[in-house]
Amino acid sequence: MRVAETNIADELKKVFAGGVIACQQTVDRVPTVWVDPERAADVLRYLRSGIESPYSLLFDLTAVDERIRKYRGGQPDADFTVVYHLMSLGRNEDIRIKTGLKGDYPSTHSVTGIWPNADWYEREAWDMFGITFEGHPHLRRILMPPTWEGHPLRKEHPARATEIGPFRLPAAREEEEQKALRFRPEEWGMKRHGEDTDFMFLNLGPQHPGTHGLLRIILELDGEEIVDSVLDIGYHHRGAEKMAERQSWHTFIPYTDRIDYLGGVLNNMPYVLAVEQLAGIEVPEKAQVIRVMMCELFRIASHLVWYGTFAQDVGALSPVFYMFTDREKVFQIVEAVSGGRMHPSWFRIGGVAHDLPVGWDRLVGEFLDYLPPRLDEYDGMVMKNSILRARTKGIGSYTLQEAVDWGVTGPGLRACGLEWDFRKKRPYSGYELFEFDVPTAVHGDCYDRALVRVEEMRQSLRIIGQCLKNMPEGPYKSDHPLATPPRKERTMHDIETLITHFLNVSWGPVIPAGESSFAIEAAKGCNGYYLIGDGGTTSYRTRIRTPSFTHLQMVPHISRGLMIADLMAILGSIDFVLADVDR
Amino acid sequence: MSGMIEKLLIVGIVLGGALFIASGLIWLERRLLGLWQDRYGPNRVGPFGTFQVVADMIKVFTKEDWVPPFADKAVFVIAPAVIVATILMPFAVIPFAPALQVIDLNVGLLFFLAMSALGVYSVTLAGWSSASKYSLLGGLRAAAQMLSYEVFMGLSLVGVVLLSGSFSLGRIVEAQQGLWFCIPQFFGLVVFVIAGVAETHRLPFDLPEAESELVAGFHSEYSGMKFGMFFVGEYLGVTLISAMITTLFFGGWMGPFLPPAVWFLIKTFFFICFFILLRASLPRPRYDQLMALGWKVMLPLSLMNIVITGGILLARG
């Protein structure tokens with residue numbers, strides 16, 4: 001993360017005398033300010049709109065159960081901490097505001113009035129920790145089933161099925177569960193009747209070909225026109241953040257692959273970067289370039305799936321077959337390099353799993369020749385098709401301001417005309433050494449979002465071409481003792497490295513205590529990991545900030561007044577993965 | 001008596017032929033889509049996978065014939081039968097060859113239009129009786145779409161009738177002796193083909209089904225043989241519209257060297273393949289866009305066609 005040049009923490013202290021309790025040093029050097037819970041909303045509002053080039057994007061909102069944390073490093077006393085991670089696009093800086101709450105089921109003020117996208121974040125924090133946000137319009141479960149007992153991310157909540165007894169679903173309970181899922185419009189402030197019409201409530205999903213996974217959308221329809229909608233997510237929730245508290249730092253890597261299951265190693269990237277930041281590991285040059293190359297290959301693979309399914313959502317049958325064929329070519333390279341395909345879990349703390357195989361350059365070179373003419377053909381088949389244009393231009397559009405309000409990042413933000421790409425703005429893993437453009441568009445509608453992604457594939461090819469030409473020599477993994485697993489060849493020479501190897505492989509590395517976050521430009525937007533280490537072999541708290549979660553939240557806002565067919569185009573153009581939403 | 005047997009024989013040939021072609025289309029469409037989409041399609045059962053149709057039929061026949069408890073049972077059962085019946089009827093008036101025609105009605109063209117208009121009932125009733133919201137939306141879309149495209153379909157054929165001076169399909173084919181109507185009635189052809197695609201609700205005009213939006217729309221709740229009827233009905237519809245395009249605009253059975261029936265089949269298959277190619281290449285417009293195209297483009301186009309054709313005929317005397 002970028003270091004703050006102007007000292008915002010001092011400014012806050014001056015303006016909110018007494019409101020600011022402490023400033024915390026974190027490994028990622030994001031200014032972290034502890035604020036009195038009573039003044040938190042004021043501080044946040046000030047940061048949002050009271051200063052020049054404000055922190056207008058609510059990047060993340062989450063909580064930490066602090067009750068059994070050992071190394072708190074002089075932080076103010078708290079049982080639970082609510083963490084607001086804000087981003088300023090103008091300053092290209094971040095700030096983290098923390099409020100410490102006392103009690104077993106504490107409460108604090110909602111910030112839904114300041115940022116619309118705080119809605120789902122606060123519901124999630126309530127669902128996971130049992131923290132009440134006063135003033136929240138619909139504070140109810142979001143990821144867990146409505147009948148769930150307990151709040152999973154609390155430390156006392158069991159993490160394994162074996163800890164809570166066998167699961168049974170007798171007929172009576174099944175009925176009760178189904179009843180709980182029934183939609184009652186009144187609970188969401190919806191009306192059943194309009195001025196002179198009765199509204200129809202259509203349950204779209206959880207099984208529906210247009211939702212690309214388990215997503216339930218309840219539509220309030222006037223004819224075929226969408227009056228309002230409510231999204232019901234959580235069907236794909238696997239508790240990845242809870243699992244991170246049980247898995248060693250190393251063995252959590254495969255879980256990250258499955259967060260955005262189309263992104264492969266793009267998911268490993270922010271996680272290993274955050275861990276390396278926490279452990280102070282420098283990654284060798286070659287490993288960095290390999291990582292960049294693999295990430296860009298997966299960006300293309302992810303965009304190709306999006307391209308095909310987007311066309312299919314608009315009704316075109318054929319493109320998806322061509323694009324899956326192309327994606328197969330990407331997977332051939334991935335397979336040759338890593339042995340895996342969709343989920344290679346190939347990045348390691350301190351580098352990558354193996355060196356590149358002999359002949360990788362030929363495979364990559366062939367792919368670089370293969371794809372561009374195919375992309376040109378798809379331009380004619382999909383992007384220039386007049387029916388597709390009519391279906392997507394001016395549909396589901398939002399302004400740059402709205403995008404920032406709702407926390408949109410990635411292609412969705414660039415489609416509004418802002419050239420914001422983490423690879424350019426906050427280069428990581430050596431992206432500053434590559435030449436590539438950041439494609440943007442103007443209108444922020446479905447068509448423009450598509451346009452940006454199509455152009456991004458060409459830019460990714462450019463980056464891969466530069467990796468191919470300039471692949472450095474050297475080790476593929478760091479020599480740092482915490483790099484996992486340590487390089488085997490050295491362990492046979494002295495007992496010290498043998499012991500380290502043994503410990504790192506059996507228990508996993510002991511990463512120093514501290515807090516670290518890292519955000520990268522993933523295929524769907526900004527993917528970030530916020531890790532809290534407590535000096536153990538597992539993380540104390542792992543927060544996964546995914547782009548799909550925020551983007552999907554915006555759907556009701558941009559689909560009002562449109563038709564069902566438009567909703568499908570919007571869902572297609574947002575490019576979300578339900579596993580990335582629910583984690 | 002021999003005339004009677006001959007007639008029955010022709011009925012048998014036409015009925016059997018239409019059903020055979022329609023079921024064969026299931027295989028043909030999947031193979032052609034496979035070809036155009038860089039994949040194989042069914043190629044395991046029998047030579048080139050042709051027995052896939054038989055396998056599909058066994059599957060459809062032996063599936064549980066389920067009627068949802070919330071459906072309007074009588075209507076739910078009748079709806080799929082209506083579509084097959086109304087699409088099979090017009091085959092009676094199509095001249096496949098000079099002697100191969102069940103009956104040459106002097107209002108054959110009107111009979112075709114009337115029957116295809118009745119087909120709307122099937123889809124609408126299916127959508128209504130299913131008592132499912134998706135089916136209902138599909139049924140409503142079908143009603144609006146097919147009713148409006150019915151209008152242009154009728155109007156697009158007025159030019160053909162003006163030129164041939166008859167509603168009899170046999171006479172219309174004979175009137176194309178020197179010049180196929182696809183040239184003087186080019187706009188009529190365009191409107192008829194588009195309306196035909198909409199009538200058979202095939203992609204890009206498959207809005208009543210709209211797989212990615214309405215999850216099969218009007219036949220969401222159907223399974224087993226009742227679904228099979230809709231399925232075969234769709235292919236029968238494609239065959240019918242292709243046969244009508246051949247008859248009305250491309251000289252029907254006329255052609256050199258080969259026997260007339262063969263010419264008719266060749267031409268019909270060409271248009272069937274065209275239908276499948278459309279499905280492979282085009283996205284689906286939105287419901288209101290489809291309606292706008294119908295009333296704002298197709299209607300003026302077909303009216304203009306009538307005025308010009310009529311004007312030329314008048315001027316010629």
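Each chain gets a letter, A, B and so on, in the order the sequences are listed, and its residues count up from 1. Computed from a predicted structure; not experimentally measured.
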[X] [atom1]: over 12 foreign heavy atoms closer than 6.0 Å:
| X | atom1 | result |
| --- | --- | --- |
| B:Trp27 | CH2 | yes |
| A:Arg184 | CZ | yes |
| B:Tyr40 | OH | no |
| A:Tyr370 | OH | yes |
| A:Glu175 | CD | no |
| B:Tyr121 | OH | no |
| B:Phe187 | CZ | no |

Can you tell me how far apart [atom1] ([X]) and [atom2] ([Y]) are? Round to the nearest 0.5 Å.
| X | Y | atom1 | atom2 | value |
| --- | --- | --- | --- | --- |
| A:Ser318 | B:Asp38 | OG | CG | 9.0 Å |
| A:Leu317 | B:Leu33 | CG | CG | 7.0 Å |
| A:Met200 | B:Leu137 | CE | CG | 4.0 Å |
| B:Arg286 | A:Asp566 | CZ | CG | 4.0 Å |
| B:Lys133 | A:Leu221 | NZ | CG | 8.5 Å |

Out of the candidates A:Asp313, A:Val382, A:Val314, only one should pair with B:Pro283 under the side-chain contact (heavy atoms from CB on, under 4.5 Å) rule; please name it.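 So, applying the side-chain contact (heavy atoms from CB on, under 4.5 Å) to B:Pro283 and each of A:Asp313, A:Val382, A:Val314, only A:Val314 qualifies.
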One option among A:Asn385, A:Thr325, A:Ile564 has the most heavy-atom pairs under 4.5 Å with chain B, and it is A:Asn385
Between chain B and each of A:Leu388, A:Leu204, A:Val320, count heavy-atom pairs under 4.5 Å; write down the option with the most.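 Top count of heavy-atom pairs under 4.5 Å with chain B: A:Leu204.
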Correct closest heavy-atom pair for A:Arg391 and B:Pro285 would be CD-C, 3.8 Å
Over all heavy atoms of both residues, which pair between B:Gln289 and A:Ala390 is shortest? Give the atoms and the distance, please. NE2-O, 2.9 Å
Minimum side-chain heavy-atom gap A:His208-B:Tyr134 below 4.5 Å: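 They are in contact (side-chain heavy atoms under 4.5 Å apart), so the answer is yes.
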Check whether A:Leu219 gets within reach of chain B through its side chain, its backbone, both or neither, counting any heavy atom under 4.5 Å.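 For A:Leu219, no heavy atom lies under 4.5 Å from chain B.
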